[in-house]
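To keep things clear, I will list the structure first and then write my remarks on it.
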Amino acid sequence: MHKQQGSDLRGWLAAFTAVGIWTGFILVTRYSERGTLLPTDLAALRFFAAGLIMLPWLWAYRRRMPSLPRMVLLALCGGLGYAGFAYHGFAFAPAAHAAVLLPGMMPFLVALVAMALLGERPSRQRTIGLGIIGAGMLCVAVEGIAPGLGLGQTWRGDALFVAASLSWSIFTVLLRRWQVQPWDAVAITASVSAVLYLPLYLTVLPRQLLEAPLSEIALQGVYQGFLAVIVAMVLFARAVAGIGPTRMGVLMALVPVAASLLAVPVLGEPLTWLAASGVVLASSGAILAARAQAR
């Protein structure tokens with residue numbers, strides 16, 4: 001009994017810490033727009049740090065890895081596609097929009113991609129949950145394109161967030177289809193993405209890494225390449241083992257709420273009624289979909 005209670009406690013601690021890291025990812029990345037680093041610099045820091053750490057894993061377990069074309073496709077979707085679209089999206093759209101259209105939108109798009117690639121059909125309750133998420137996305141979309149709200153280029157960021165979420169959803173479904181183990185997936189997206197991206201970054205892509213202060217490089221490098229990629233994955237796996245995938249899925253719905261609320265005092269970004277409605281709907285739908293998926 002005591003062992004079970006201890007396992008549950010560690011699972012809950014891991015779950016809330018993972019939620020905190022993913023919430024912080026939205027805030028820290030949005031904050032980068034006030035500094036020197038470009039989106040291309042953030043991607044370079046992400047892949048260099050994570051790739052360097054995970055390369056030994058990729059080499060040690062190379063015999064069980066997918067084929068090279070599959071690893072490249074996984075890196076393009078879960079690594080380059082997700083990070084490239086998301087980092088550029090933060091240049092145009094506020095944190096509340098990122099909260100809805102990145103973690104908030106994932107269950108919706110994963111279900112659609114799974115229907116297309118795996119032939120899965122969601123249950124009635126899950127369909128209702130996904131519909132509620134879709135309503136939340138609509139609120140954000142309306143705010144992004146409504147000229148009377150004076151949000152300028154926000155719609156561009158929203159479109160990039162949707163592209164990032166779609167890239168990650170394809171990556172997620174491909175992992176399930178090819179039965180890639182979680183740590184292998186992290187090693188592939190980190191290391192293969194680094195091999196593909198860093199030569200382009202060093203030769204043709206715009207960069208301002210050398211002009212940035214060391215404190216900014218350290219913050220983004222540690223957060224993007226270590227905390228958001230590796231530590232969050234460790235904690236997520238620990239949480240799923242300790243409290244179960246359903247509870248963890250429900251807790252993930254806290255990320256849009258927490259990120260949107262914290263963006264007000266931390267970043268000074270106002271939370272409009274449309275964005276707030278989108279957050280509430282996306283989180284509520286995600287909770288309903290997560291609970292239905294477990295049945």
Side-chain angles (χ1 to χ4, degrees), residues 21-22 25-26 28-33 35-62 65-92 98 102 106 156-157 159-175 178 180 182-212 214 216-233:
I21 291 174
W22 278 312
F25 166 76
I26 294 173
V28 170
T29 308
R30 177 61 174 170
Y31 179 75
S32 71
E33 290 302 312
T36 305
L37 295 173
L38 301 174
T40 51
D41 296 321
L42 296 182
L45 290 172
R46 179 187 183 98
F47 296 135
F48 176 77
L52 194 64
I53 294 171
M54 295 306 300
L55 185 59
W57 181 284
L58 185 70
W59 177 256
Y61 296 100
R62 61 190 182 278
M65 295 292 171
S67 64
L68 181 59
R70 289 185 176 185
M71 287 197 293
V72 170
L73 183 56
L74 290 172
L76 290 174
C77 293
L80 299 175
Y82 174 77
F85 288 129
Y87 288 149
H88 283 84
F90 280 102
F92 299 102
L102 288 177
M106 294 291 183
R156 296 182 183 274
L160 289 166
F161 288 147
V162 172
S165 190
L166 179 59
S167 294
W168 187 264
S169 299
I170 295 172
F171 168 74
T172 301
V173 174
L174 289 178
L175 290 181
W178 295 335
V180 181
W183 277 108
D184 294 350
V186 176
I188 290 168
T189 53
S191 302
V192 177
S193 294
V195 171
L196 295 174
Y197 179 79
L198 292 178
L200 293 174
Y201 171 75
L202 294 173
T203 54
V204 299
L205 295 178
R207 55 192 183 275
Q208 292 184 177
L209 187 65
L210 297 181
E211 288 77 31
L214 185 59
E216 184 180 355
I217 295 173
L219 170 65
Q220 297 297 337
V222 170
Y223 212 102
Q224 306 295 343
F226 181 61
L227 290 177
V229 177
I230 297 174
V231 175
M233 185 65 186

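Note that the structure is predicted; figures quoted are calculated from it, not measured. Hydrogens, waters and symmetry mates are skipped; everything else that's a heavy atom, side chains included, is used.
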Non-hydrogen atoms of I21 and A232 that approach each other most closely: CG2-CB, 4.0 Å

Donor-acceptor contact below 3.5 Å, side chain Q208 vs main chain T36: yes

Interatomic distance, D184 atom CG to R62 atom CZ [nearest 0.5 angstrom]: 13.0 Å

Positive for side chain to side chain contact (heavy atoms under 4.5 Å, CB included) with L200, one of L202, L196, V204, L198: V204

Heavy-atom closest pair, residues A194 and P199: O-CD, 3.9 Å

Inter-residue atom distance W183.CH2 - I230.CD1, 0.5 Å rounding: 6.5 Å

Min side-chain heavy-atom separation D41-S32 under 4.5 Å: no

Where I217 and A212 come nearest, the two heavy atoms and their spacing: CD1-O, 3.8 Å

CH2/W59: more than 12 non-hydrogen atoms of other groups inside 6.0 Å: no

Distance in Å, L102 CG paired with L160 CG, rounded so as to fall on 0.5 Å steps: 10.0 Å

T189 side-chain N/O to V186 backbone N/O, donor-acceptor pair under 3.5 Å: yes

Whether E216 side chain and L37 backbone form a donor-acceptor pair below 3.5 Å: yes

For residues 68-92, which side-chain donor-acceptor pairs fall under 3.5 Å, sequence neighbours excluded?
unit_1, atom_1, unit_2, atom_2, d
Y87, OH, R46, NH1, 3.2
Y87, OH, Q224, OE1, 2.6
H88, ND1, G84, O, 2.8

Shortest non-hydrogen separation from A49 to G221 and the atoms involved: CB-O, 4.1 Å

Any F226 side-chain heavy atom under 4.5 Å of L45 side chain: no

Main-chain N/O of F161 paired with S165 side-chain donor or acceptor, under 3.5 Å: no

OH on Y31 to CG on L219, rounded to 0.5 Å: 8.0 Å

Geometric class of the Y197/F47 ring pair [parallel <30°, tilted 30-60°, perpendicular >60°]: perpendicular

Step-by-step ring pair (Phe, Tyr, Trp, His ring centres under 6.0 Å) determination, F25 to W22: CA-CA 5 Å; F25 166 76; W22 278 312; 9.4 Å; no

Nearest heavy atoms of V229 and A50, plus distance in Å: CG1-CB, 4.0 Å

